[in-house]
**Q** 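Before I ask anything, here is the structure I am working with.
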Amino acid sequence: MSNKKKLITGDICFRRIQWCFIPIFFLVLFNSCNDNSTTHELANKIIKISNFSATSNYQPNQKDIKQIELDYSNAIQGFVIPSNNQIKEGYFKVRFNLQNISNEAQQLYYKIYYSNVSYKFQEYDSILKAENPLAVENFYGSWEDTKVEFKKIKNKLQVNEEIEVNDEIRIVGNPRNEERYFENGINNRWKRNPRVGLYTFVIVVCTEADLNTIPPTIKNISKKNQDKFDNPFYYFKYAEGAKLKQTIVHEDPVPLKVVATPPPANGIYIDNSTLGTDNYDKSNYCSTCGEDEALYRNAAFQQFINYVDESTKFYNIPVVADIINDNYSMIEYNWTKSFYTREELIPTLIQTSKHPCQTVFSDTVNNKITIKNPASKPGQWKKESVGVITRHGMTYGKYRVKVKLTELLNKEGVWNGLTNAIWLITQGGGEWNYRRNCNSRGYMATYWGGVNDKRVPAVDYTEIDFEIIKTPPYCPSNVFPPIFLKTKADKNDLKNWNVQLPEELIKSKDKVTVACTNWDMACMEPKNFSTGCNTIEYQGQTFNTFRWDSVYRALTERTEELDDELFKGDYYYFEIDWRPKEIIWRIGKSPDNMRIVGYMNDKVTSIPNNQMLLIITQEYHNTIWWPGAPFAQENLPFPLNDIPGEIYELHIE
């Protein structure tokens with residue numbers, strides 16, 4: 001028996017086990033262990049582990065980093081990594097060799113942990129000289145059934161005996177099985193979906209003596225220690241677990257990278273609860289857009305219905321025109337602005353679709369989504385916002401979209417009234433999706449509550465935006481607000497009604513403003529929380545931040561860009577890089593040629609840590625939201641033709 005290599009299978013392999021991943025920092029020497037990099041061996045005086053692979057049945061010849069895409073088929077209840085479509089068994093096969101190199105027989109136990117290392121807080125706080133309190137938020141786990149603790153090797157290993165151990169594991173949401181994400185006894189794993197990014201796997205092997213000293217909260221990661229989860233990666237690297245003499249911790253040398261590419265061709269789902277009425281038109285439903293069961297299970301996008309603020313009714317000129325293609329002029333704009341009476345104006349609100357699937361299309365041939373702001377005509381006046389939203393929430397990630405959204409300016413520099421927006425928004429849900437507590441006076445309680453809204457410790461509202469609109473930057477403050485001369489209704493005197501824009505706006509007639517915004521709900525906890533115009537430095541660039549006042553719920557940075565650069569070509573890339581401690585906004589002509597246009601960190605704003613969805617819209621804004629805008633929405637014509645936007649790709653990594 002002593003030199004015999006045995007295959008251990010069913011007796012120590014638990015079926016229906018969850019999988020997740022773990023940080024590369026575990027590739028270290030524990031207790032004077034020896035690491036043989038060629039055979040991936042790790043040993044102490046008792047145990048030797050070799051040939052450890054947590055994903056042996058997936059890309060077995062890959063020696064660097066394995067990559068897997070999230071499978072959106074049947075994923076509405078949460079992602080599973082791997083899915084049955086990716087690996088027939090639906091699990092990663094775990095394999096490692098275990099040898100007793102001591103001078104006596106040993107009863108050994110093992111456990112596999114995993115962690116996302118791309119989007120985590122460091123476990124050790126060098127300032128506190130203790131565990132980082134935010135590390136509890138990291139996405140880590142072990143087997144899906146958290147009651148399965150360390151698994152026992154069936155028989156004692158004799159001196160020099162070596163065995164091969166086989167197991168299985170997969171990654172699913174809510175790996176700690178937190179009650180926060182349960183409802184009516186059901187574990188809604190989709191409420192804490194796996195994160196994208198790099199995962200590593202770690203195996204911990206120990207003797208029975210050491211096992212008895214490992215805390216219950218490390219053996220079973222769903223248990224709490226005084227209302228707090230204990231992070232096993234902190235425990236085994238920095239705490240008492242690092243001192244265990246009969247325990248060995250070994251990391252799979254080949255990590256796994258998880259990426260997401262929500263498929264446009266999987267269709268567009270209609271959530272009828274967002275339509276605001278039970279009486280809605282289904283005549284545009286088809287196999288690629290609607291509310292049938294197949295689309296419910298498989299569609300990665302659904303039609304987005306903007307919130308309509310009833311208080312922002314405005315009076316629009318009774319004109320229909322194609323501003324972009326007909327080159328609607330400044331003289332025409334000033335004329336219609338000046339010479340319609342109040343009685344002739346059209347009282348209206350920005351509208352949303354009352355005919356689902358009429359303005360959003362999933363193209364299965366070209367693998368894209370088309371959105372169209374619909375045309376208007378006299379007597380059927382409307383400015384209708386349009387867009388799509390993802391259906392699977394995530395926390396953190398680099399969200400990069402490839403789109404061709406509408407041009408915003410014509411050759412005369414006249415705006416068509418639309419805002420192109422790529423934005424992340426809370427998945428909602430109340431307490432299960434609350435963001436981290438704000439410990440300095442709290443958050444403003446609601447998005448719309450105004451200056452008299454109360455402050456509360458936690459909210460679920462979060463939003464990170466790209467909004468591209470025709471409006472001036474607010475900073476430096478000496479260029480805001482621009483001074484507009486008043487017009488006079490004298491048709492016979494051109495100079496009286498055809499008033500030119502302020503000089504600083506004329507200089508930017510061919511540019512739009514890219515607004516990068518984080519809605520932090522006015523949490524004042526960041527040490528550099530501020531109002532007005534301020535600056536922040538990142539990678540040699542200076543960014544101007546702006547907040548109206550201490551109760552304003554968002555921090556914004558604005559840069560001016562050529563409209564033709566962003567929207568006249570075949571496509572353009574926009575990227576929101578959302579990390580635990582910072583947000584970076586990038587734009588560019590290709591993924592490898594992007595430049596930073598916005599940057600914020602947790603020193604100036606509260607970075608969201610809850611689950612969000614991505615929205616892509618072409619929407620009409622009431623320009624009272626954008627002080628200083630050179631064109632007023634009510635003085636711009638209704639659209640003569642449909643205004644399309646194309647969404648080619650969303651990649652999240």
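Hydrogens, waters and symmetry mates play no part in the numbers below; they use all other heavy atoms, side chains included. When a residue number appears, it is its place in the shown sequence, counting from 1.
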**Q** Does NZ or CZ of Arg176 lie under 6.0 Å from the centre of the six-membered ring of Phe229, at an angle within 45° of the ring axis?
**A** yes

**Q** Identify the residue among Thr348, Asn622, Asn316 that makes a side chain to side chain donor-acceptor pair (under 3.5 Å) with Lys383.
**A** Asn316

**Q** Would you say the side-chain atoms of Asn116 and Ser118 include a donor-acceptor pair closer than 3.5 Å?
**A** no

**Q** Taking the side chain as C-beta and beyond, is there a heavy-atom pair between Ile268 and Ile369 under 4.5 Å?
**A** yes

**Q** At their closest point, which heavy atom of Tyr140 faces which heavy atom of Pro175, and how far apart are they?
**A** O-CG, 3.2 Å

**Q** Considering residues at least two apart in sequence or located in another chain, which fulfil the side chain to side chain contact (heavy atoms under 4.5 Å, CB included) criterion with Cys438?
**A** Tyr443, Cys523, Glu525

**Q** Between Asn174 and Lys191, is any side-chain donor less than 3.5 angstrom from a side-chain acceptor?
**A** no

**Q** Can you tell me if Glu565 uses its side chain to pair, donor with acceptor, with the backbone of Leu562 under 3.5 Å?
**A** no

**Q** Show, in sequence, the C-alpha distance, side-chain angles and deciding distance for Glu178 and Arg192, and conclude whether the side-chain contact (heavy atoms from CB on, under 4.5 Å) test is met.
**A** CA-CA 9 Å; Glu178 299 175 54; Arg192 195 171 192 246; 3.8 Å; yes

**Q** Quick check with a 6.0 Å cut-off and a 45 degree axis cone: is Lys368 positioned over the face of Tyr648's six-membered ring?
**A** no

**Q** Does a side chain donor of either Asn609 or Glu137 reach within less than 3.5 Å of an acceptor in the other side chain?
**A** yes

**Q** Would you say Tyr599 and Gln541 make side-chain contact, with heavy atoms under 4.5 Å?
**A** no

**Q** Could you tell me which residues satisfy ring pair (Phe, Tyr, Trp, His ring centres under 6.0 Å) with Trp497, sequence neighbours excluded, listed by chain and number?
**A** Trp335, Phe339

**Q** For Asp510 and Lys411: C-alpha separation, side-chain torsions, deciding distance, then whether side-chain contact (heavy atoms from CB on, under 4.5 Å) applies.
**A** CA-CA 8 Å; Asp510 55 353; Lys411 293 178 182 178; over 6 Å; no

**Q** Answer yes if the ring centres of Trp585 and Trp423 are under 6.0 angstrom apart, and no otherwise.
**A** no

**Q** When you compare the side chain of Tyr572 with that of Phe567, does any pair of heavy atoms fall below 4.5 Å?
**A** no

**Q** Can you name the side chain to side chain contact (heavy atoms under 4.5 Å, CB included) partners of Asp602, sequence neighbours left out?
**A** Lys581, Ile607

**Q** Quiz question: by atom type and distance under 3.5 Å, do the side chains of Thr542 and Glu537 form a donor-acceptor pair?
**A** yes

**Q** Just so I know, are the side chains of Phe466 and Val514 near enough to count as touching, which here means a heavy-atom distance under 4.5 Å?
**A** yes

**Q** Counting distance only, does the side-chain N/O of Gln633 pair as donor-acceptor with the main-chain N or O of Gly417 below 3.5 Å?
**A** yes

**Q** Determine whether a donor-acceptor pair (N or O, by modelled atom type, separation under 3.5 Å) exists between the side chain of Thr426 and the backbone of Gly428.
**A** yes

**Q** Examine the side chains of Thr605 and Asp520 and answer whether a donor and an acceptor come within less than 3.5 Å of each other.
**A** yes

**Q** Suppose we screen for ring pair (Phe, Tyr, Trp, His ring centres under 6.0 Å). Which residues come up paired with Phe79, at least two apart in sequence or across chains?
**A** Tyr72, His392

**Q** Are Phe631 and Tyr333 close enough that their ring centres sit under 6.0 Å apart?
**A** yes

**Q** Assign the ring pair Tyr307 / Trp448 to parallel, tilted or perpendicular, where the plane angle (0 to 90°) is split at 30° and 60°.
**A** tilted

**Q** For the atom pair NZ (Lys402) and CD (Glu646), what is the distance rounded to the nearest 0.5 Å?
**A** 11.5 Å

**Q** Ile652 pairs by side chain to side chain contact (heavy atoms under 4.5 Å, CB included) with which of Tyr396, Tyr399, Trp578?
**A** Tyr399

**Q** List in chain and number order the residues that pass side chain to side chain contact (heavy atoms under 4.5 Å, CB included) with Thr446, two or more places apart in sequence or in another chain; answer none if no residue qualifies.
**A** Asp453

**Q** Just say parallel, tilted or perpendicular for the rings of Tyr461 and Tyr447, cut-offs at 30° and 60°.
**A** tilted

**Q** Any heavy-atom pair between the side chains of Met594 and Phe574 that's under 4.5 Å?
**A** no

**Q** If only atom types and distance count, is the side chain of Lys470 paired as donor or acceptor with the main-chain N or O of Lys511 below 3.5 Å?
**A** yes

**Q** Going by the disulfide (SG to SG under 2.5 Å) test, which pairs reach into residues 554-608, not counting sequence neighbours?
**A** none

**Q** Got a donor-acceptor contact below 3.5 angstrom from the Asn452 side chain to the Gly449 backbone?
**A** no

**Q** Centres of the Tyr474 and Trp626 rings: under 6.0 Å?
**A** no

**Q** Indicate whether the side chain of Trp519 and that of Asp465 have a donor and an acceptor atom separated by less than 3.5 Å.
**A** yes

**Q** Quick one: does Asp577's side chain have a donor or acceptor within less than 3.5 Å of a partner on Lys398's backbone?
**A** no

**Q** Between Leu409 and Asn416, is there a side-chain heavy-atom distance shorter than 4.5 Å?
**A** no

**Q** Any side-chain to backbone donor/acceptor pair from Gln618 onto Thr406? Under 3.5 Å, distance only.
**A** yes

**Q** How long is the gap from CD1 on Ile587 to CD on Glu575, to the nearest 0.5 Å?
**A** 11.5 Å

**Q** Are the side chain of Asn410 and the backbone of Val414 linked by a donor-acceptor contact shorter than 3.5 Å?
**A** yes

**Q** Tell me yes or no: between the side chains of Glu467 and Thr419, is some donor less than 3.5 Å from an acceptor?
**A** no

**Q** Taking C-beta and beyond as the side chain, do Leu555 and Met600 meet within less than 4.5 Å on heavy atoms?
**A** yes

**Q** Are Asn610 and Thr462 close enough that a side-chain donor and a side-chain acceptor fall under 3.5 Å?
**A** yes

**Q** Please tell me if the side chains of Arg435 and Asp460 come closer than 4.5 Å, counting only heavy atoms from C-beta onward.
**A** no

**Q** So, Trp190 side chain and Asn193 main chain: donor-acceptor pair closer than 3.5 Å or not?
**A** no

